[in-house]
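Notes follow the structure.
Both backbone and side-chain heavy atoms feed into the values below; hydrogens, waters and symmetry mates do not. Counting starts at 1 for both ligands and their atoms, following the listed order. Just so you know, residue 1 is the first one in the sequence shown, and it goes up from there.
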Amino acid sequence: MQMVARDLYQLALTPRSGVNAYLVGDVLVDSGYPLHFKRLLGETASRTIHAHALTHAHPDHAGSSKKLKTTLGIPVWVGAGDADALRSGRAEPGEVPFGRAALKSLMKFPGVEPDRELREGDELAAGFVALETPGHSPGHMAFWREEDATLICGDVLFNISFATTAAGLNTPPGLFTPDPAQNRASARRLAALQPKLVLFGHGPPLRDAGALSAFAERLAG
Ligand SMILES: [Zn+2]
């Protein structure tokens, strides 16, 4: 677990920050895949966690959420638009011409009942508030702290290549993004905040507000 800002730690669950979770004050944001459960518990063992929040209900972010809730006895928070997906453990894939059934099975994870539905402006912890950033999922949430311009952007943007794992800004794969145009609008909204530090679901932290704006400007409508 690595401190990246005040009251904020990155938990890189795979090499090269391929899959990340974050500890924000006493709230654990995202939980990786089911296989990451032990690692999450180990890395946060010295901390008291009071709640678990999700950027979105996909298997690589909510995979260990059910076990976290039952093991630690903590509430789970998710964007209102993702509450059904979290409950059922079935997320909507992107639009694909064929292979949709196989893709749907890739999007399954252990479902868990949400205890709080997050909406725009809701407080998370440590000065962060929730921003509704739909597109990659209907209820996708980013978390923003204005005081030091720090942004947890979830999967609105990746800072890693899905194909090569090299660092660099990318939009999330269309296979897993039901509404790419809406996601691009969310990306432009986040870039307009001019964050000094951006933390991604996938990829290493980015401390270059100019790079984010330049990338968002190039995104087609
Ligand atoms: Zn993801």
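Side-chain N/O atoms of Thr177 and Asn183 include no donor and acceptor closer than 3.5 Å. No side-chain donor from either of His58 and Asp155 sits under 3.5 Å from a side-chain acceptor of the other.
Between His61 and His56, the ring planes lie tilted relative to each other; the angle falls in the 30° to 60° range. Classification of the His36-Tyr33 ring pair by plane angle, with boundaries at 30° and 60°, yields tilted.
Glu120 is linked by a side chain to side chain contact (heavy atoms under 4.5 Å, CB included) to Leu131, Glu132, Arg189, counting only residues two or more places apart in sequence or in another chain.
Protein-derived N/O/S atoms nearer than 2.8 Å to the Zn ion (ligand 1) total 4, waters excluded.
Partner of Phe128 under the side-chain contact (heavy atoms from CB on, under 4.5 Å) criterion, out of Thr150, Asp7, Asp122: Thr150 alone.
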